[in-house]
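Every heavy atom of this structure was used, including side-chain atoms; hydrogens, water molecules and symmetry mates were not. Lettering of chains follows the sequences in order, A, B, ..., and the numbering in each one begins at 1.
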Amino acid sequence: MMYIIAAVLIWVAGWWLNVRLANGATSDRMAVKFMIPAIFGLTIVIVWELLVRGFEVNPVILPAPSSVLLRLVDEGPILWADFRQTILKGAVSGYVIGTVAAFVVAIIADRSDFLTRGILPVGSFMAALPIVGTAPIFVKWLGSDWESKAAVVAVMVFFPILVNTVAGLKDTSGMQRDLMRTYAAGYWQTLFKLRLPSAAPFIFNGLKIGTTLALIGAIVAEFFGSPTVGMGFRISTSFGQLALDMVWAEIVVAALAGSAFYGAMTWMEKRVTFWHPSQR
Amino acid sequence: MKSVLPVLTVIAAILGIWLLAVIPMNMHLVADQAQRDGAVVQPETPAARQGLSGAALAVRNPALIPLTYSFKRPRLPSPQQVAGEMYETIFAKKITSKRSLVYHGWVTLAPTLLGFAIGTGLGILLAVGIVYSRVMDRSVMPWAIVSQTIPILALAPMVIVVMGSMGIQGLFPKSLIAAYLSFFPVVVGMVKGLRSPSAMQLDLLRTYNATGSQGFWTLRLPASAPYLFASLKIGVSASLVGTIVAELPTGARAGFGARMLVGDQYGQPLVSWAALFAAALTAAALVGLFSAIERITLRRMGMAAA
Amino acid sequence: MSEPQSVISARNLDLTFQTNDGPVHALKGVDLDIRQGEFVSFIGPSGCGKTTFLRVMADLEQPTGGEITVNGVSPREAREARAYGYVFQAAGLYPWRTIGGNIRLPLEIMGVPKAEHAERVARVLELVELAGFEKKFPWQLSGGMQQRASIARALSFNADLLLMDEPFGALDEIVRDHLNEQLLKLWDRTGKTIAFVTHSIPEAVYLSTKIVVMSPRPGRITDVIESPLPKERPLEIRESAEFLEIAHRVREGLRAGHADD
Ligand SMILES: Nc1ncnc2c1ncn2[C@@H]1O[C@H](COP(=O)(O)OP(=O)(O)OP(=O)(O)O)[C@@H](O)[C@H]1O
Ligand SMILES: [Mg+2]
């Protein structure tokens, strides 16, 4: 009972603090902008911990954050090995392959208006499909190690990046194209000096969508066969052993990896498209 | 309408590549089978054949090429095999049959739509909260954005199992995942949409001394329509993907995801492929439906849709 | 002969756009000669084909009839020889390049040796009075400064012909006066040939050695006025009797173009 009362109190206190901060005079400071969601997140974690203890929730259903944290610390080497297998080998290599392939196809498509008009609708159609469903097929074709994961990831990220790149390459104003024409600029000069830079915001949009897809593809594909290492493998086996805290530890790693991957792309986007109104 | 021909060309190209790929992909299996049936195959031992690529094998045994298109358990089925299987399981089977894809489709679609409706409803409510409450905006919005970068979908099967162990089964667990996946895109899109009116438009309402709710119903909500539809299209396909992934490795007996897995495990690749394509068609139909609603609504509202 | 050679020469030029609601005669039977070193203004009501004419000179639009040469060759050959600089109505600077980077853009495309870039950029920035702004990004400059930067961009590769389509159309009167003065000085100093589209009668009279009055539907030239004003033109010249006399003639020409439509 104590725990539950404490949970309610902490929730109220956290919310009150945030109300004060958000409506206070300092609410537009960078630090405060960062603090408010942090307090919110922390409040939730503490309330979760207290509620799990107060209601004595079965750890097979929902483990306490503290036991997840313990796992994170204790099982560091295993988590690291899983991270390397799934994220570095599977997700990142597939992401790179898919991105390069998408760029190549986009630039080929871009040379002909006919192809562009065909590829844009087909590509956006494909981007909305449940491509993860091909995971069992790829595992069958390429075996259970990271190659099959990379293939799934490559196909998943290919279409959103393709569509965004093709659309971005079309997104120059008539005046900008005319200007290049008055310079008698060639195709490649126009591509590198005008169209790729102005397509950058679109391309990064596709790249950012791709980061999450890459992790999903790499983890889900492991459910269909993997060596005895990998985040998807660990999640499903820990599950079988009812070690939910380990599952959650992997979730935390996946969340951190996903945010870091996305964050890296956002950072690159900021550096490359600093000129775009949305970044200023 | 002038993109019909280009689209058909691209589709034809994809089909062509697929048709070509069928030969090398299935060649080894076909050669092994043909030898067992007593045909003469070059080279003669399976081990020697392993050393060759599928294409090289096809060149040496041109007579076997037609067989790659009708092989019973292909690595890569031919388009006509997939189409045949789909026809068979969609039209030729009774809807109540366990082999009917319509039946399995409904098993997947029902939780998708339920979850999507819940997720969208809650998403819109949260978006309104975020736009009107500074605290909500500052504390929840960053997490809503961060949560989109987390591969939650990968955990869908686990959620199903946990809820199953708690005795919750059927429609609800899958709907939960579908709801979750459509929730955040709707929140983010709707917040953008509700904030899209310009300062000038808002000032105009202020000169009329309009109340907050008048501002909401006459300006913010209509202005958010294009954003809402964009999110709905993302959300509905995310919901469907979520439901399918939830069905994949959880021992589900019915649904597209279950069919994909069953086909895979019992050596019936055609079943997997038919389920995959049926899922694709369903996703396309859902997105197409929302595009149509979008076009009609926006035209009625006088915001010419693209 | 000491007669300067012809830079633009149009004979019976036609351009018809095929649109969904029938053909639009943007140019019909246009005859014009622009000689080296002239400053020619094009003036006329909206839609009379001024932009179209300039775009034909720049090979951005293909005439449907008649003939036109630029520097004695076809517009296409002139464009490929990088014979002219074009200034659009909006500055159209690339936001991802600094002012200096924007001015270097044509130099990079035309393969001007790298070693010359810095010196050329500095020189044209000097000409448009933007020295010191090289490292700034376009969005950090005012509209007038951006437009001057776009003129600098057109000057950087030393083309002898400048085609300017309402370059100052979006600017306020004071900035406009100032830029007009600067443009005249620049023209005087460099001896370039300039074709200049404008909506403003005083601007046309103040700048030009020759004023071409056009009228719409179909787009054609109704009057060509040679200006007797001296090359040296302080802003005050706009109050002189001579100036008002030419302005009057231009206005008459514009009115005549309207009367018969
Ligand atoms: N690409 C095009 N397709 C069809 N019609 C066009 C096109 N470009 C111009 N026109 C038409 O040609 C005519 C002349 O246009 P132009 O742009 O040359 O006029 P303008 O004199 O520059 O007008 P303004 O002063 O408004 O800039 C107009 O009637 C216009 O509608
Ligand atoms: Mg014009």
Q: Give the minimum heavy-atom separation between P121(A) and V7(B), together with the two atoms involved.
A: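 Heavy atoms only, the tightest pair is CG-CG2, 3.4 Å.
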Q: Heavy atoms only, distances under 4.5 angstrom: which of A127(A), A255(A), A214(A) has the most pairs with chain B? Name it, please.
A: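 Greatest number of close heavy-atom pairs with chain B: A255(A).
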Q: Answer yes or no: are there more than 12 heavy-atom neighbours, outside K170(A) itself, under 6.0 Å from its atom NZ?
A: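 Above 12, so yes.
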Q: For L129(A) and A283(B), work out which heavy atoms get closest and say how close.
A: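 Heavy atoms of L129(A) and A283(B) come nearest at CD2-CB, 4.0 Å.
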Q: Given that the side chain runs from C-beta out, which part of T9(B) has a heavy atom under 4.5 Å from chain A: side chain, backbone, both or neither?
A: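 For T9(B), the side chain is the part near chain A, not the backbone.
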Q: Looking at chain A, which one of L240(B), V241(B), L286(B) has the largest number of heavy-atom pairs inside 4.5 Å, strictly under?
A: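 Of L240(B), V241(B), L286(B), V241(B) has the most heavy-atom pairs under 4.5 Å with chain A.
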Q: Checking heavy atoms, do the side chain of F114(A), its backbone, both or neither come under 4.5 Å from chain B?
A: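 When you check distances to chain B, atoms from both the backbone and side chain of F114(A) fall under 4.5 Å.
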Q: Name the region of L281(B), side chain, backbone, both or neither, that has any atom closer than 4.5 Å to a heavy atom of chain A.
A: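 For L281(B), there is no contact with chain A at all, as no heavy atom is under 4.5 Å.
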Q: Tell me, side chain or backbone of V19(A) under 4.5 Å from chain B's heavy atoms, or both, or neither?
A: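 Backbone plus side chain of V19(A), per the 4.5 Å heavy-atom cut-off to chain B.
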Q: Distance from I234(B) atom CD1 to I209(A) atom CD1, nearest 0.5 Å?
A: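 Spacing of CD1 (I234(B)) from CD1 (I209(A)) equals 7.0 Å.
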Q: Please find the pair of heavy atoms, one from A280(B) and one from P130(A), that lie closest to each other, and give the distance.
A: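 So the two residues come closest at CA-CD, 4.3 Å.
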Q: Could you tell me which residues satisfy side chain to side chain contact (heavy atoms under 4.5 Å, CB included) with K233(B), sequence neighbours excluded, listed by chain and number?
A: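 Partners of K233(B) by the side chain to side chain contact (heavy atoms under 4.5 Å, CB included) criterion, ordered by chain and then number, come out as V287(B), F290(B), S291(B), E294(B).
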Q: If I measure from the heavy atoms of chain B, does T211(A) come under 4.5 Å with its side chain, its backbone, both, or neither?
A: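 No part of it gets close to chain B.
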Q: Using a 4.5 Å heavy-atom cutoff, which residues in residues 134-144 of chain A come close to chain B?
A: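 Under the 4.5 Å heavy-atom cut-off, T134(A), P136(A), I137(A), K140(A), W141(A) qualify.
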Q: For V10(B), is it the side chain, the backbone, both or neither that has a heavy atom under 4.5 Å from a heavy atom of chain A?
A: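 Contact with chain A involves the side chain of V10(B) alone.
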Q: Find the one option among I131(A), T43(A), I219(A), I216(A) whose heavy-atom pairs under 4.5 Å with chain B are most numerous.
A: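 Answer, by heavy-atom pair count under 4.5 Å with chain B: I216(A).
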